[in-house]
Structures are given as C-alpha cells and as structure tokens.
Amino acid sequence: MRTALLRAAVLAALPLAAAPAAGAPTVYTVVIDKMKFGTPPPNLRAGDVILWVNRDLFRHSVTARDGSFNLDLPPKGSGRTVVKRKGAIPFFCRYHPGMKGVLVSG
C-alpha cells in the first residue's frame, strides 16, 4: 500500500517536472543603424526584454512617449528595457525625432 501511494505521488509529479516554464520572458534584439530603428519584434508579451544595440556612429535614445522607458545609447552602446504592459508603446529618438517606432504587446 505504501509503495503504491509513493508510486502514485511520483507519477503525479512527473508532468510538472517535465513541463517547460510557462510564460518565461523572451529577449529580443533591436539594432539601431543608419539612423533607423530595426523592426520591433512581433508577438511581444509583458515581461519580455528588448536589447537595444546602437551600431550607428551617432548617439541615440530610445524614449517611450508614455515615459515607461528612456535609454541613452552612445555609439556602439546597448541597453535593455522590459515590456511592462499590454498595448502599443510608441517610441522615438530624442536626438533625431524622425526616428520612431512602436512596440506592440498582447
């Protein structure tokens, strides 16, 4: 009886141990080059991380219009932001206002 209970407990726990981590954040890279932001990743979720890499010769910022993030990236610099909410988050470069984009998370 005791062996049967132990076996049942082990078998019940197996699916939990084998299951992948649900909802683990994903890290995406967006490259800034030639005075343009790279294409924002599709299918973002709250908690995902964006690694911004400035490969340009100029200083750039990645500034959210809603104030949720603001990175100052020197030439060849990089920085990270975490997507904190669902919806559209427009962003731009403070130094070059024509550079802009939108992160969309669901």
Chemist: When Ile, Leu, Val, Met, Phe, Trp and Tyr are grouped by side-chain heavy atoms lying under 4.5 Å apart, directly or through other members, which residues fall in the same group as F92?
Modeler: none
Chemist: To check you understand the geometry: which heavy-atom pair defines the closest contact between A46 and S105, and what is its length?
Modeler: N-CB, 4.5 Å
Chemist: Closest approach of D33 and R55, non-hydrogen atoms and distance?
Modeler: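 Smallest interatomic distance, heavy atoms only, reads OD1-O, 3.6 Å.
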Chemist: Please give me the minimum heavy-atom distance between P25 and G47, naming the atom from each residue.
Modeler: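 Here P25 and G47 meet closest at CB-O, 3.1 Å.
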Chemist: If every non-hydrogen atom of L51 is compared with every non-hydrogen atom of S78, which pair is closest and at what distance?
Modeler: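 That closest heavy-atom pairing would be CD1-CB, 4.2 Å.
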Chemist: Shared ILVMFWY cluster between M35 and L57, side chains joined below 4.5 angstrom?
Modeler: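 In one cluster with M35: L57, yes.
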Chemist: Under a 4.5 Å side-chain heavy-atom rule over Ile, Leu, Val, Met, Phe, Trp and Tyr, are L71 and I50 clustered together?
Modeler: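 Yes, it is one cluster - the side chains of L71 and I50 are joined through contacts under 4.5 Å.
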Chemist: Inspect the surroundings of NZ in K76 and state if more than 12 heavy atoms from other residues, nucleotides or ligands are less than 6.0 Å away.
Modeler: yes
Chemist: Going by salt bridge (Lys or Arg N to Asp or Glu O under 4.0 Å), name the pairs with one or both residues in residues 60-75, residues two or more places apart or in two chains.
Modeler: R59-D72, D66-R85
Chemist: Which pairs, with at least one residue in residues 88-99 and sequence neighbours excluded, count as a salt bridge (Lys or Arg N to Asp or Glu O under 4.0 Å)?
Modeler: none
Chemist: Kindly write out the residues that satisfy salt bridge (Lys or Arg N to Asp or Glu O under 4.0 Å) with D48, not counting sequence neighbours, or none if the list is empty.
Modeler: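 In terms of salt bridge (Lys or Arg N to Asp or Glu O under 4.0 Å), with neighbours along the sequence ignored, D48 is linked to R45.
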Chemist: Looking at side-chain heavy atoms only, is the closest gap between V62 and I32 below 4.5 Å?
Modeler: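 Answer yes - side chains close enough.
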Chemist: Give me the atom names and distance for the closest heavy-atom approach of A64 to I89.
Modeler: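 Nearest heavy atoms, A64 then I89: CB-CG2, 3.9 Å.
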Chemist: Treating Ile, Leu, Val, Met, Phe, Trp and Tyr as nodes and any side-chain heavy-atom pair under 4.5 angstrom as an edge, say whether M99 and L103 lie in one connected cluster.
Modeler: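 Yes.
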Chemist: Using every non-hydrogen atom in the two residues, find where S61 and Y95 come nearest and quote the distance to one decimal.
Modeler: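 Nearest pair, atom of S61 first, then Y95: N-CD1, 3.8 Å.
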Chemist: Quick one: which residue pairs count as a ring pair (Phe, Tyr, Trp, His ring centres under 6.0 Å) with a foot in residues 65-91, not counting sequence neighbours?
Modeler: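 Sorted result for residues 65-91: F37-F91, W52-F91.
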Chemist: Is any side-chain heavy atom of P40 closer than 4.5 Å to one of V102?
Modeler: no
Chemist: Would you kindly confirm whether V53 and L73 end up in one hydrophobic cluster when ILVMFWY residues are joined by side chain heavy atoms under 4.5 Å apart?
Modeler: no
Chemist: With sequence neighbours excluded, what pairs up with V82 under the side-chain contact (heavy atoms from CB on, under 4.5 Å) test?
Modeler: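 V82 satisfies side-chain contact (heavy atoms from CB on, under 4.5 Å) with V49 only.
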